[in-house]
Amino acid sequence: MRSVGKAQRTVEEHRAAVAALLGQTPVEDRPLAAALGLVLAEDLRATIALPPFDNSAMDGYAVRAHDVADATPERPVQLPVPEDIPAGRTDSPPLLPGTAHRIMTGAPMPPGADAVVQVEHTDGGVHSVRVDRSVAVGTHVRRAGEDTDAGALVLPAGTPLTAPRLGLAAAVGAATVAVRRPPNVLVLSTGSELVSAGQPLRHGQIYESNGVMLAAAVRDAGGHAEQLRFVPDDVPQFLTALTDRITSATAEGNPPDLILTSGGVSAGAYEVVKDALADRGVEFVRVAMQPGGPQGAGRLDGPGGPGVTVVTLPGNPVSSQVSFEVFVRPALRAAMGHPRPTRPLVRAALSETLHSPAGKRQFRRGELDAAAGTVRTVGGPGSHLLSALARANCLIVLDETAEVHAQGTEVDVWVLDS
Ligand code: AMP
Ligand code: MG
């Protein structure tokens, strides 16, 4: 491998630096409805069994199996029906021998009954029923505790809360869950060429796009994003925008966990982020990757010592988004306690021969054909090719140790649309 100069970091080094700056967010109790995608911070135990009581799995008749043992369509058995037990009935009328209670799905089994004849095997009678089939003991009865025992560990700490898991938490009677709160992220774009949607574009200007993209990426990672109004390449305006919002957010009791900037970090003449933050606790480095070489990260000097974590991403839209994928998304997810902070990684064979610069890990936009186990590029390596990024479903990782990656070579692929 080509040796990496002093000013350079490997992808792993910068990744670790960003993750270390962020740390884990505090644990809080949240209503189930506000917990989707968050990660359980404490074990969730069932205080009740599931089902909590023996109940019917069918609409039909609760019987003693013995009473209908001889029933056939030709020689049905007729039983009186003293009680109707809809779901939600809370008393327990016992079943006397030689009778049947009409019962609905989910209703508690009456004491004395040991099976349910489904309504399709009867005449559906209300006061008296004709039963056409025999049933074995236990037929269509859902036993208390069959799904989970009282006291059982139903969801261990570290479990990401999916829809079914929230359903399970609700079923065992939990109103809230202990989760790590989503990180609060402020997103600030820089560039004197940037214009808001709805404004006419003059020659030399472009519509601002990193702000909405990075804020969406934060939300997609599970964080809470607030997009600040972008600022021109002007150090005082940049610092004012930043410090004003940090001050007001802190006063509101909602201090940011992370400030994410884009643009102004490379080697040009008007590098506003670098100029503003280099002496304020943020370290600017070159990472041996493409796109996304120029990076910065650190804790902003505050009145009481090191304060809010800042990660400064390069401005080219593809560089910005790929840097987010490589450094920020895993750190945000780790901060929330996610057991798998990184994207799913698969191996796939290149459909074409690719070239990448020596000593740099290249992240190419790709389209994975999971069934075929192959991957092809979408668009070229240019870090301005946003439409190609928008079409891609994966990132192809080209190792820094080789400059030529022959067709058929197996490479790492990060699956994005999962
Ligand atoms: P910079 O990193 O500031 O030198 O910007 C690199 C390239 O990315 C330039 O072509 C910028 O116009 C473009 N760029 C920077 N910030 C944004 C943004 N927020 N939205 C769209 N393009 C941007
Ligand atoms: Mg710029």
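Both ligands and their constituent atoms are indexed starting at 1 by order of listing.
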Legend entry - Modelled atom types, side-chain donor and acceptor of Q362 and Q290, under 3.5 Å: yes
Inset, instruction - Check side-chain contact (heavy atoms from CB on, under 4.5 Å) between T162 and all other residues, then give those that pass, not counting sequence neighbours. - result: P164, R165
Inset, instruction - Examine the side chains of Q118 and H140 and answer whether a donor and an acceptor come within less than 3.5 Å of each other. - result: yes
Inset, instruction - Could you please provide the protein residues found below 4.0 Å of ligand 1 on a heavy-atom basis, arranged by chain and number? - result: S189, T190, E193, L194, I206, Y207, E208, S209, N210, S262, G263, G264, S266, G315, N316, P317
Legend entry - Among N55, T105, D54, side-chain hydrogen bond (donor to acceptor under 3.5 Å, both in side chains) partner for R142: N55
Inset, instruction - Tell me, please, which residues at least two apart from E283 pass salt bridge (charged side-chain N to carboxylate O under 4.0 Å, His left out). - result: R9
Inset, instruction - Mind jotting down which residue pairs meet the side-chain hydrogen bond (donor to acceptor under 3.5 Å, both in side chains) criterion with at least one end in residues 22-35? Sequence neighbours excluded, please. - result: Q24-R180, E28-R30
